[in-house]
Structure formats: structure tokens, C-alpha cells
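Quick notes on the structure that follows.
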Amino acid sequence: MTAAELPHSLLATLPGHHYTDPSIFALEQSRIFEAGWFCAVRSADLAEPGAFQTVQVGRESVLIARDRRGNLNAFLNVCRHRGARLCTEEAGRVQRSLQCPYHAWTYGLDGKLIAAPNLGGMPDIDRDEYGLNRVHLREWLGYAWVCLAEEPPSFDDTVIADVAQRLGDAGELDAYDIAALELGERIRYDVKANWKQIIENFMECYHCATIHPELTEVLPEFADGFAAQYYVGHGAEFGDDVRGFTVDGGDGVQRLPGVAEHQDRRYYAITVRPQVFINLVPDHVIIHRMFPLTAERTLVDCDWLYLPDVVASGQDLSRSVELFHRVNQQDFDACERCQLAMDSRSYASGGVLVPSEHHIAEFHDWVRERLAG
């Protein structure tokens with residue numbers, strides 16, 4: 001049955017091979033992940049001069065380092081001499097420079113070429129010109145966002161616009177002062193599913209009554225199948241007897257001071273395309289960052305963020321962490337279950353979206369537009 005022949009209540013999804021075809025994934029890497037803003041690292045993870053992390057962005061390894069002036073810089077993780085991978089470790093710290101282990105070309109933390117064997121005998125070498133290839137970087141919400149494009153798209157018209165479209169006003173996010181929060185917990189998930197499976201799952205709640213018993217106890221309206229993201233500006237309300245966003249509905253921790261009355265006792269979910277989820281509750285914020293590695297494998301880093309005093313006090317955060325950890329496990333199991341069928345002849349033409357999932361069709365249109373160039 002074609003999309004034109006579907007009942008009015010249903011919309012067609014992407015066909016199955018869009019979730020498994022390496023050639024489509026390669027196109028997504030070049031036209032989505034390498035073309036737009038990508039949330040790479042948490043700035044506080046690189047607190048000291050010389051601290052660095054390497055992150056996979058599309059097909060490129062990106063090196064992010066803090067220099068002696070306290071600034072974060074991002075570069076392609078490639079030596080300009082013969083193309084050796086400069087840093088092979090995921091994270092580390094150097095004193096003052098980054099040295100290629102092949103021929104010892106050495107770069108400052110600002111990317112400038114500062115030393116190389118026999119460099120003094122090559123006076124015509126411009127040390128700036130032969131420095132590391134720089135990647136655009138912007139800090140927002142306490143994270144470093146990078147863009148590999150030569151001319152990056154407007155941050156306001158892409159990243160901020162996604163927040164504004166979801167909340168009705170991007171300024172609503174200011175109440176949570178996310179950049180001032182500190183990391184209480186981080187869990188990495190290795191998900192055997194396409195990145196689009198994870199986004200689609202996060203955007204809808206048609207599945208919530210089936211697989212999220214703990215979440216629907218805290219947010220009873222989710223049992224009706226409509227996710228908060230279905231409505232502009234809406235935050236799902238806590239149940240009457242729920243005291244906090246915790247696995248048992250018990251008390252959470254200290255409420256964030258900027259949270260307004262209309263935001264209290266509510267959960268807001270935001271998708272920032274292509275790889276970030278922002279989850280807002282009164283006493284903490286949860287940030288997901290996706291790192292698509294192949295058409296059928298995605299790493300997801302999930303950060304639980306709290307007031308600095310809460311983290312420093314050693315308060316027990318396990319019940320608030322456990323709630324969304326279970327949600328993550330339940331969601332990722334469901335994504336992996338779907339991924340197994342994407343090459344089935346039964347799903348060759350795709351599936352369907354029910355009315356509470358119709359907003360996912362907009363995401364599919366967004367993907368198609370970018371792949372079309």
C-alpha cells in the first residue's frame with residue numbers, strides 16, 4: 001500500500017533500508033552530522049589547560065583541547081605532515097603541546113605548528129598555515145558544540161530554533177541555568193540501532209504505557225500515548241501523589257532556583273536535531289548526546305546534572321538517576337528490537353505512524369531534505 005492509499009489516520013515512515021544501508025548512513029554523515037552543529041563534549045570535562053578529548057563527528061575524528069588561556073579549541077585530529085592520527089586516546093591531558101607520534105610534528109594547544117624535526121631548515125614554512133585544521137566551536141548550556149562545515153549554519157536558526165519550536169520560547173530554558181549545573185552521573189549506552197530509531201522513540205509516547213511502568217507512574221498522562229513533544233510548550237505534569245522525578249515518585253533534591261511556578265512539577269522533553277535530547281525537571285536536567293558510529297550502532301552518553309551544592313554535598317542521587325536509566329534501557333531495548341527487522345521484506349516499504357506519532361513525519365521530512373542536498 002502506498003502512502004497515498006493509507007487511511008487518513010496513518011502516515012508512512014521511512015523505508016526499512018534507510019536504517020541499515022551504509023550508503024545512506026554515509027550520506028547522513030556528510031550532509032547532517034558534518035554539516036550542522038554537533039554537541040561534542042561537556043566543557044567542564046576539559047577544565048584544566050592541556051585537557052583534551054577526541055570525538056567522532058560523522059566520518060571525522062575531532063580533537064577538542066583547552067589552551068593555556070582557558071579557551072576551548074577544536075581541530076581535525078590529523079597531523080598536517082603525513083596524515084597520522086594525532087591523538088588516539090579518547091581523553092587525556094598534555095602539558096603544553098600535542099605531538100604526532102609518527103614524525104614528532106608538534107602543535108600548540110591553539111593548533112599552531114610549533115616544532116618539527118629540521119623545521120629550522122625550512123624557513124618558508126608558515127607555522128599558522130601548517131597548523132591543525134580548525135573546526136568551528138561554540139559553547140552553550142555548558143557543552144562544546146562543533147561544526148565541520150566551512151561556513152556553519154546559524155546556531156540560532158538551527159539549535160536554538162529547535163528549542164523555541166518545542167517550548168514556544170527558547171527563553172524558557174534560561175530558568176534551568178544548565179551551564180551552571182554540575183555532573184552528578186554519566187552513563188554510556190552502546191545501542192545496536194540506527195540513530196533515527198532512537199530519535200523517533202524519544203519523540204513519541206505511544207509506547208509509554210507498554211514499556212515504561214515507572215515513568216507513567218510519575219507522569220500519568222503519558223499512559224494516554226501522547227508525548228509532551230506532541231504539544232508546543234507543554235510539560236507533562238507529575239501525578240498528584242508524586243513528590244519528585246524519581247524511580248519511586250519520592251522526594252527529589254533541591255529545586256533549581258530559577259524554575260518558575262508554571263514549570264514546577266512538570267517534565268519537558270526537547271529534541272535538538274540531529275543528536276541531542278534535553279530533559280527538564282524541577283530539580284535536575286538530563287542531557288543525551290548521540291554518537292552514530294555505523295548504520296546499526298549508536299553510542300549514547302547520558303548526563304544527569306544538578307546544582308553544584310547538591311553534587312558537593314554527596315546527597316543520594318540514585319533514585320532520580322535510576323528512573324531515567326530504566327527509561328533509557330527500556331527505550332534502547334525497543335530500538336534494538338525494531339532494528340532487527342529493518343531489512344525484512346515485511347518492512348521494505350516502511351511502516352506507519354498513528355496520529356500521536358504524526359510529528360515524527362516532520363523529522364523524516366527534515367532528514368529527506370538534507371539528504372537531497
Would K112 pass as a cation-pi partner of Y107, given that its NZ or CZ must be under 6.0 Å from the six-membered ring centre and within 45 degrees of the axis? no
Side-chain donor-acceptor pair present, E172, Q263, cut-off under 3.5 Å: yes
Do C208 and C205 have their SG atoms under 2.5 angstrom apart? yes
Is D124 atom CG crowded by more than 12 heavy atoms from other residues, nucleotides or ligands, each under 6.0 Å away? yes
Among E185, R289, H288, exactly one meets side chain to side chain contact (heavy atoms under 4.5 Å, CB included) together with D303. Which residue is that? R289
Would you mind reporting whether L305 and E182 have side-chain heavy atoms less than 4.5 Å apart? no
Less than 6.0 angstrom separating the ring centers of W140 and W145, yes or no? yes
Side-chain donor-acceptor pair present, E214, Q330, cut-off under 3.5 Å: yes
Looking just at side-chain N and O atoms, do Y19 and E200 make a donor-acceptor pair shorter than 3.5 Å? yes
With respect to V163, which candidate in L141, I270, D169 satisfies the side chain to side chain contact (heavy atoms under 4.5 Å, CB included) definition? I270
Result of checking F202, W195, F324 against F277 for ring-ring contact (aromatic ring centres under 6.0 Å, His included): F202
Is the terminal nitrogen or CZ of R42 (NZ for Lys, CZ for Arg) located under 6.0 angstrom from the six-membered ring centre of Y143 and within 45° of that ring's axis? yes
More than 12 non-hydrogen atoms from neighbouring residues, nucleotides or ligands closer than 6.0 Å to OH on Y189, yes or no? yes
Does the side chain of N194 come within less than 4.5 Å of T20's, by heavy atoms? no
Distance-only polar pair, side chains of R134 and N73, donor-acceptor under 3.5 Å: yes
Under the ring pair (Phe, Tyr, Trp, His ring centres under 6.0 Å) criterion, do Y206 and F222 qualify, and how do the steps go? CA-CA 8 Å; Y206 191 46; F222 273 11; over 10 Å; no
For Y267 and N279, which I'm curious about, is there any donor-acceptor pair between the side chains at under 3.5 Å? yes
